[in-house]
Structure formats: C-alpha cells, structure tokens
Trainee: 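Right, I'll just put the structure down here and ask away after.
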Amino acid sequence: MTALNATHDPKLRSWVAAANVAGTDFPIQNLPFGRFRTAGSSEAFRIGVAIGDQILDLRATGLIDTDDMNVLMNASVKDRQALRAAISAGLAEGSGQQAAWSKALLAQAQAEMTVPCRIGDYTDFYTGIHHATTIGKLFRPDQPLMPNYKWVPIGYHGRASSIGVSGQVFKRPQGQTKAPDAVAPSFGPSKRLDYELELGFLVGRGNALGEPIAIGDAEDHLFGVTLLNDWSARDLQAWEYQPLGPFLAKNFASTLSPWIVTTEALAPFRAKFERPAEDPQPLPYLDAPSNRASGALDITLEVLLQTAKMRADGVAPVRLTLGNTTEAAYWTAAQLITHHTVNGCNLQPGDLLGSGTLSGPQPDQAGSLMELTLGGKQPVTLPNGEKRTFLEDGDTLVMRGWCEREGAVRIGLGEVAGTVV
C-alpha cells in the first residue's frame with residue numbers, strides 16, 4: 001500500500017489556477033494519466049497528466065522519454081512514486097519549472113482523448129454483492145447467489161477490441177433472443193439494453209507465466225483505477241449465457257474514462273475490507289493483514305441519463321443513482337489480481353480487470369437499469385415525463401466518480417459517457 005507523502009498534502013497548491021478551484025476533479029493531489037492530442041489534428045497521441053482544466057504533456061517536461069503508456073505502467077513502484085513526486089514538485093506553486101512547463105499545457109477543452117493505454121486482455125469480475133443478489137432474485141428467487149459466490153471471485157474473459165473512451169457512440173447490438181413462451185428464438189436488435197456501473201483496475205507490472213502474485217504483493221501490480229461502463233444486452237444475455245456466460249450480450253462495447261487515477265493518488269481514500277461475521281472469510285491465499293486493514297477503496301459513484309429529447313431541449317443529464325464502493329464490492333482489487341494469477345496466468349501492463357456492477361444495498365444505489373426497474377417491471381420516470389425501463393436510441397449515459405474524506409483534498413475520476421444509436 002502507498003503511504004501518504006508530500007504529494008498528498010492538503011495545503012499543496014498549483015501554479016495552474018484551475019487546479020486550486022474547490023470541487024475540481026483534478027487538483028495537484030490527483031495527477032491522473034491519460035493519452036491526448038490536439039483536437040482535429042493527426043498528431044500521435046501523447047501521455048498527459050490532468051491538472052485542473054489543463055493537460056500537461058509529460059514528455060515535453062523531460063520527465064519521460066516515451067509516448068507509450070504501457071511502458072510507463074511497467075515501471076517499478078519506486079520509479080512510479082518518484083515520477084509522481086517530480087510532477088507534483090514541478091506543478092506546485094513557486095516551482096522553478098513554471099515558465100517552461102506552462103508551454104507544455106493544453107486545455108482539456110481543446111484536446112482529443114483516447115483509451116488511456118493499450119489493453120491486451122480484459123477480464124470482467126462480479127464483485128458487487130448487492131447487484132448479484134438483486135439480479136439473482138429475478139431469476140432464482142430461492143437461491144439468488146450461487147454457492148460459490150462468497151468463496152471465489154467470479155469472472156469471465158471479455159473483449160478488449162471493442163473498448164472505447166468516454167464519448168463513445170455505438171450501435172444497438174443485435175442477436176438471438178427467446179421469449180419464455182416462444183418455441184424458437186428470434187433474431188433482431190436488443191430491446192433490453194442496459195449499462196453497468198463499474199470500476200476498471202489497470203495492471204501495471206505483470207508477472208511471468210506460472211508465477212502467481214501473492215496477495216501481499218498484489219497492490220504493487222495495480223497501476224490505477226478508471227471508470228468503466230460495461231454495456232449489456234440483457235435479453236441476448238438471458239438466452240445465451242448458459243452454460244458458458246456472456247458473449248454477444250457484452251462484446252459489442254465497453255467504455256472507459258480517459259483518465260487513470262493512480263494507486264498513489266488513492267492512498268488517502270483507502271478503507272477497511274470487512275466481511276460480515278456470518279459470511280465465509282477469504283481462503284488464506286486471498287487474505288492478508290494489509291488487505292483487511294486498507295484493501296477497499298472509498299469512491300462515490302454517480303449515474304446520470306440524458307435522453308435525445310432532453311438534449312434537444314437543452315436539459316442537462318439527470319441523476320439516476322448515487323452510491324459508494326465500500327458498500328458495493330465483496331472483493332478487493334488485490335484479491336482479483338491474486339485470484340487471476342493463482343493458477344499461473346500471466347498478467348501484462350495495461351490489462352483491464354472490471355469490478356463488475358457496483359450497486360449499493362438501497363434501490364437508489366443500483367448500478368444498472370435491470371436492478372433499478374426490477375427487470376423492466378417498474379419504469380423510471382424522468383423529470384420531463386419520459387419513462388425508461390431500458391435504454392432507448394439516442395440515450396446518453398454518464399458515470400462520474402470522486403473521493404472525499406475529512407483531512408484530504410477531493411479528487412475525481414472524471415466521467416465516462418456513451419450514447420447508443
């Protein structure tokens with residue numbers, strides 16, 4: 001776990017004025033990484049650090065000599081911490097770098113962002129116990145959770161090629177569905193398109209094939225966290241998922257925030273990982289004192305919706321739900337990394353691990369429409385009178401995340417937005 005240091009000092013301020021504005025996602029205590037270029041240009045994407053409403057071109061500062069984010073992610077923890085300290089010092093008020101570095105800034109409003117790193121493999125887990133329970137009740141009222149859920153982190157291998165960045169526009173998926181009273185399935189567009197509110201854990205330094213990552217070392221292999229919307233076609237999924245799990249219901253699109261908030265930036269926002277006393281405790285390979293003491297992340301997550309009519313009328317997105325990861329996740333990021341590699345599987349820099357849908361215990365903390373509408377039985381009525389059970393063409397779904405705690409400066413994960421057409 002990363003210890004608090006000078007880069008987390010709440011009194012630290014930046015010579016970039018926008019970074020000192022209360023409520024900004026990107027104060028100097030954050031310093032998330034992404035890949036950017038000037039909008040409308042054909043430039044190669046470069047590594048940038050968000051600071052206030054600006055992006056610092058990291059290579060232009062002379063601190064790195066690459067535009068390959070995966071190379072940066074493969075650095076040792078010591079080197080990552082040294083780079084963060086150097087960036088922080090250079091952006092701090094009174095820094096001697098201000099004159100030179102001010103020429104390496106680009107306004108975020110003038111930038112085009114892309115997926116923050118090269119994602120070779122994508123594994124989606126199922127850590128949201130309230131989501132798993134609610135969905136389970138819809139299909140198995142007598143046994144919402146499968147017998148293995150509280151013992152083993154459940155996951156499946158997803159599709160990396162269809163992962164896009166915030167602002168992604170994708171076509172409504174199509175495939176086979178089967179009504180309960182139908183003799184045979186039919187083919188056509190999904191009628192029950194949904195979102196899934198997730199965190200994406202991005203791997204830093206990987207491991208050699210055949211060499212598992214121990215739970216006590218797992219955090220050293222976690223580069224950072226981003227927001228993830230793993231879109232889901234519920235009707236396709238219901239027909240195809242047995243016995244092997246999601247396929248066409250999931251592989252058409254997943255959307256990431258453009259920013260990776262590093263493990264180091266999240267140090268002030270760690271929380272205890274505690275299981276209910278009556279639940280099975282993790283097996284020894286998934287357990288460690290450090291994981292129990294501070295393995296969880298304290299992140300507030302918000303979901304908003306803007307319909308095509310709202311957009312045409314100039315109406316901003318409206319909140320659907322608001323929740324927190326400490327109430328939602330049954331497994332920690334360290335446990336996911338350890339379990340993924342316990343059989344010798346080799347992770348690589350840039351691999352993405354999805355948390356699974358993060359829903360809280362209350363209805364207004366649901367991480368999907370499937371839960372929020374109880375499988376489409378209770379439509380959501382929006383302020384303009386429109387109703388939704390599942391997403392319609394033209395709908396834009398927005399997810400936001402941030403960390404707040406007394407004695408620490410608020411940091412944000414930015415937002416991830418996507419539109420179905």
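Being a predicted model, the structure only gives us computed values, none of them experimental.
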Trainee: Taking salt bridge (Lys or Arg N to Asp or Glu O under 4.0 Å) as the test, write out the residues that go with Arg37, two or more places apart.
Mentor: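 If we apply the salt bridge (Lys or Arg N to Asp or Glu O under 4.0 Å) test to Arg37, skipping adjacent residues, the hits are Glu112.
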
Trainee: Mind jotting down which residue pairs meet the side-chain hydrogen bond (donor to acceptor under 3.5 Å, both in side chains) criterion with at least one end in residues 363-378? Sequence neighbours excluded, please.
Mentor: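 Of all non-adjacent pairs touching residues 363-378, those that pass side-chain hydrogen bond (donor to acceptor under 3.5 Å, both in side chains) are His131-Glu371, Glu327-Gln365, Ser359-Glu371, Ser368-Glu371.
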
Trainee: State, to 0.1 Å, how close Ser14 and Leu91 come at their nearest heavy-atom pair, and which atoms those are.
Mentor: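 Minimum heavy-atom separation between Ser14 and Leu91: OG-O, 2.8 Å.
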
Trainee: Apply side chain to side chain donor-acceptor pair (under 3.5 Å) to His8 and list each qualifying residue two or more places apart in sequence or on a separate chain.
Mentor: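 Once residues adjacent in sequence are excluded, the partners of His8 under the side chain to side chain donor-acceptor pair (under 3.5 Å) criterion are Asn5.
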
Trainee: So, does Gln108 use its side chain to make a donor-acceptor pair with the main chain of Leu106 at under 3.5 Å?
Mentor: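 A pair under 3.5 Å: no.
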
Trainee: I'd like to check the side chain to side chain donor-acceptor pair (under 3.5 Å) partners of Asp68; sequence neighbours left out, ordered by chain and number.
Mentor: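 Expected list: Arg118.
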
Trainee: State plainly whether the residues Arg234 and Glu196 are in salt-bridge range, i.e. N to O under 4.0 Å.
Mentor: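 Yes.
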
Trainee: Charged N to carboxylate O below 4.0 Å: is that the case for Arg292 and Asp287?
Mentor: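 A salt bridge links Arg292 with Asp287.
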
Trainee: According to side-chain hydrogen bond (donor to acceptor under 3.5 Å, both in side chains), does anything in residues 159-169 pair up with another residue at least two apart or in another chain? List the pairs.
Mentor: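 As it turns out, the side-chain hydrogen bond (donor to acceptor under 3.5 Å, both in side chains) pairs with a partner in residues 159-169, which skip direct neighbours, are Arg159-Ser161, Gln168-Thr255.
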
Trainee: Among residues at least two apart in sequence or on other chains, which ones pass ring-ring contact (aromatic ring centres under 6.0 Å, His included) with Phe26?
Mentor: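 Once residues adjacent in sequence are excluded, the partners of Phe26 under the ring-ring contact (aromatic ring centres under 6.0 Å, His included) criterion are Trp259.
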
Trainee: Report the residues that fulfil ring-ring contact (aromatic ring centres under 6.0 Å, His included) with Tyr149, sequence neighbours left out, ordered by chain and then residue number.
Mentor: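 Per chain and number, Tyr149 pairs via ring-ring contact (aromatic ring centres under 6.0 Å, His included) with Tyr126, Tyr330.
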
Trainee: Output, in order, the C-alpha distance, side-chain angles, deciding distance and verdict of side-chain hydrogen bond (donor to acceptor under 3.5 Å, both in side chains) for Asn207 and Thr341.
Mentor: CA-CA 8 Å; Asn207 60 302; Thr341 65; 4.8 Å; no

Trainee: Give a yes or no answer on whether the side chain of Asn30 reaches the backbone of Gly412 with a donor-acceptor pair at less than 3.5 Å.
Mentor: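 Yes, because the side chain of Asn30 sits within donor-acceptor range (under 3.5 Å) of the backbone of Gly412.
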
Trainee: How far apart are the closest heavy atoms of Arg13 and Ile28, and which atoms are they?
Mentor: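 Heavy atoms only, the tightest pair is O-CD1, 4.1 Å.
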
Trainee: Taking side chain to side chain donor-acceptor pair (under 3.5 Å) as the test, write out the residues that go with Lys171, two or more places apart.
Mentor: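 Side chain to side chain donor-acceptor pair (under 3.5 Å) check on Lys171 returns nothing, list empty.
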
Trainee: Partners of Gln348 by side chain to side chain donor-acceptor pair (under 3.5 Å), sequence neighbours excluded?
Mentor: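 Applying side chain to side chain donor-acceptor pair (under 3.5 Å) to Gln348 gives none.
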
Trainee: By the side-chain hydrogen bond (donor to acceptor under 3.5 Å, both in side chains) test, which pairs, at least two apart or in different chains, include something from residues 409-421?
Mentor: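 Found Asp25-Arg410, Thr396-Thr419, Arg400-Glu415.
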
Trainee: For Ala288, is there any backbone N or O sitting under 3.5 Å from a side-chain donor or acceptor partner on Asn291?
Mentor: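 Judged by distance alone, no pair lies under 3.5 Å.
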
Trainee: Could you list all the ring-ring contact (aromatic ring centres under 6.0 Å, His included) pairs where at least one residue sits in residues 340-385, not counting sequence neighbours?
Mentor: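 Qualifying pairs: His157-His340.
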
Trainee: Is it true that the side chains of Glu264 and Thr7 contain a donor and an acceptor less than 3.5 Å apart?
Mentor: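 Not at all, the side chains of Glu264 and Thr7 share no donor-acceptor pair under 3.5 Å.
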
Trainee: Taking all heavy atoms of Ser190 and all of Asp235, pick out the closest pair and write down the distance.
Mentor: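 For Ser190 and Asp235, the tightest heavy-atom pair comes out as OG-OD1, 2.8 Å.
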
Trainee: Kindly state each residue pair satisfying ring-ring contact (aromatic ring centres under 6.0 Å, His included) with at least one member in residues 162-196, sequence neighbours excluded.
Mentor: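 Matches after skipping sequence neighbours: Phe170-Trp231, Phe170-Phe252.
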
Trainee: Minimum heavy-atom separation for Val203 and Met73, please, with both atom names.
Mentor: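 Val203 and Met73 have their closest heavy atoms at O-CE, 3.3 Å.
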
